[in-house]
Structures are given as structure tokens and as C-alpha cells.
Amino acid sequence: MAPDDAPHPHTRLAHAGCVVDPATGAVVASPVFATTFERGADGEYAGGHVYSRTSNPTRALLETTLADLESGAGAACFASGMAASYAVFAALPTGAHVVLPDDVYFNVRRLFDTVLAGRLTYTSADLSQPGALEAAVRPETALVWVETPSNPLLRVTDIAETARVAHAHGARVAVDGTWTTPLLQRPLALGADLVVHSLTKYLAGHSDVLGGAVIAREANGVFETIRAFQGTAGPVLDPFSSWLTLRGMRTLAVRLERACATAEALAVFLDGHGRVAAVHYPGLASHAGHAVARAQMAHAGAMLSFEVDGGEPAARAVANALTVFRQATSLGGTESLVEHRASVEGPDTRSPAGLLRVSVGLEHAGDLVADLERALA
Ligand SMILES: *Cc1c(COP(=O)(O)O)cnc(C)c1O
């Protein structure tokens, strides 16, 4: 956990992975690829690492960096955001009940419908609505899962209020912080017990690393179980991906600042366009979650979605006509992406048919606006 007089998060990010190597004087840590570490005559491991499934120096450096940024007691990194999410669910007792947002990241719902079916139960609720959680909790509810802003409608859930209600019912709260990063929202400070990140997105930031992390407010039994799952089942983040993530994190603050400013400009542009039926961006004063977003987020973020008049055919035609935006899933890279979410999610989608989701990258805002203007015309 960061001390009160710790440097600004931007400074800590700029120094992510910058640990001087005592042997060479190198100012950034190199990845340690070794799987096994030497045991001394005294039976001890001088470097503190035994075997890379249970701990690896590069992964450990990323974990302490993430725990520090989120002001958590500890972090555990996994091979993907979904593996990190699964680690949280694996730590719940059999028969436990979970409350999921009704527009939860669709792979999480799929996980509950397939892999976890029979072991855990869940209720979907629109957690952005006051009273919805109170109506969904049961005596056996062990966890409330929060995604805010949500995917792809960017609904905003009040984290502090959710934590208050969940804790009153003896349930823990985990927040998927992928879209907001440690810079835009501080779930642990707002009362959440766990934060989950897909490192694949903004933290690694270049669409070339798959990774995930769980950060815990307290080093309690739940976090010990998550750690045990990591080290024994072994769905760990490899050293090179750990190193690439630290490398990406060094520029997170400047990347995010640019992407957020451009997202705001695009939201305003789309909001005023005649062929756009709706814009979902919490930075707009007309957004239902605007007030909560202003209170709990440093900025509304770099993700938005909009609905094109004319439903799926019109939305897909717009996506196909864009040339600066790439048509692909995922988010948080330097390149702007657009996605027709309903057809990606498949038959069990809850996304509106005319909706396009946008991940705003680092291109010049004028090029992105011009691209949208052309495609919508
Ligand atoms: C991408 C994503 C995930 C899953 O992460 P992977 O690294 O793809 O496994 C989970 N939650 C959200 C909000 C995401 O955007």
C-alpha cells in the first residue's frame, strides 16, 4: 500500500518497472524468464523465489506496482482478465450466490452458465438502479460483481452505495476496473473488497498482451485463496507479458489523458448528429449516470457507444464505412476500434441491434470525427 506522502500516481506509473539492476546498473528491470531458482546450502532461496508458477520476479514486480496503484494489500496476476475473474469466483464456497450486473461483460455471464453452472448460482440485476441490489441479494449471496461504466451501455453504478448494501448483507464486492484503470476510479477507496483488471486493455495498452489481475483491499482469507489458486492451478501471467505490461503502464497517464479528451469530443459530435439515435457516454450531462460518474470518476473515460438510426443493417454499414477506426473487438490500445457488439456477443446478446461500441485511441481527434462524419453520411 502506498504511504500518504507517496508521489502522484502519474509519477509512480512513469516509474513502473524502473528498478535499477544492482549487477549492471540498468535502469529498467529486464524480464526474468527462469522457471526455477537456486536453493542455498542453508535450505533458503536467496532471491525469495522458488519456482515461477508460485512466484516470478517480473510478475512480482508487476503485482507490487498494481497493488500500490490501487492502494491494495496485494495483487495476483493471471494469464487473462477472464482467468483473474475466474480466480475470484473459484474462491467462493460451493452453493454461493453472486449478483451480476445484467449487462455484465458477456464472457462472465457465459462462465456462470457453463463452467460454474451447478457450483455457483447468480442473479442478474441492473445495479445502476437504486434498490435493485437490495431486491437481488439472498441469504447465501457471497459476492456482488460490479462493472461501471458497463459494457456496452455505459451504465454507471454507485460503488460506495453498492458496497454499503452488499456489506450489510454480509457479501463482498468486486469491481471490474478494466475500463477505468487505477487512474479514473478507485474502487477499494470507495469500499470495494476486490478490483479485477483485464491488463489486456489500457494497462498494457498496445493490443499485444493478454493478462489479468486481482487486487485486494485486505490480505484476508479470500485473497489467500485467490493466491493459492494462482500458484497451484497456475493460470499465471508469464514473465514477458508481465514485463510488457509494466512497459505499457509507464505511459498510461498520457495515453489515457489523450484518449479521454478525444472520447469527450466524439461523444459531443455524435450527440449532435441527426443519424445517431442515442449516445452512451457518462461525460454527457444528459447521461442517466452523469452525476454518479462525476462523483466517483476522475473522468468519464475513453469508451463510448452509440446507436445508429436503422438498427443492425445501418450500424454495420457505418462500421464498414469507417477507415480510421479499425473494426475489431477489445479496447484500450493506441488504435481506435469500433465494434457491432450484438453480432459479436451472439444469440444471447443483450446489446441493442443498432449499437456500435467505440474504444477511442490516440489518433488525432479531427481524423476520427471526419471518419465518423463520412461513414454516417
Ligand atoms: C476484456 C475484458 C475482460 C476480459 O479480459 P481478457 O483479458 O480478455 O480475458 C473482462 N472485463 C472487461 C470489462 C473487459 O473489457
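Along the sequence shown, residues are numbered consecutively beginning with 1. One-based numbering, in listed order, for ligands and for the atoms of each.
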Show the atom names and distances, to 0.1 Å, of all donor-acceptor pairs under 3.5 Å that link a side chain in residues 31-44 to residues at least two apart or in another chain.
| from | atom 1 | to | atom 2 | distance (Å) |
| --- | --- | --- | --- | --- |
| Arg39 | NE | Gly43 | O | 2.9 |
| Asp42 | OD1 | Glu44 | N | 2.9 |

For residues 289-298, run the donor-acceptor check on the side chains, cut-off 3.5 Å, and write out each pair with its distance to 0.1 Å, sequence neighbours left out.
| from | atom 1 | to | atom 2 | distance (Å) |
| --- | --- | --- | --- | --- |
| His290 | ND1 | Pro282 | O | 2.8 |
| His290 | ND1 | Leu284 | O | 3.3 |
| Gln296 | OE1 | Ile159 | N | 3.0 |
| Gln296 | NE2 | Thr157 | O | 2.7 |

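Contact residues of ligand 1 (protein heavy atom closer than 4.0 angstrom to a ligand atom; sorted by chain and number): Ser80, Gly81, Met82, Tyr105, Glu147, Asp176, Thr178, Trp179, Ser198, Thr200, Lys201, Leu210, Gly211, Leu331.
In this structure a side-chain-to-backbone donor-acceptor pair under 3.5 Å is missing from Arg374 to Ala321.
Of the listed residues (Val279, Asp271, Asp371, Val369), just one forms a side chain to side chain contact (heavy atoms under 4.5 Å, CB included) with Leu266, and that residue is Val369.
Residues Val175 and Trp145 have side chains not in contact (no heavy-atom distance under 4.5 Å, counting atoms from C-beta outward).
For the salt bridge (Lys or Arg N to Asp or Glu O under 4.0 Å) test, residues two or more places apart in sequence or in another chain that qualify with Arg164 are Glu161.
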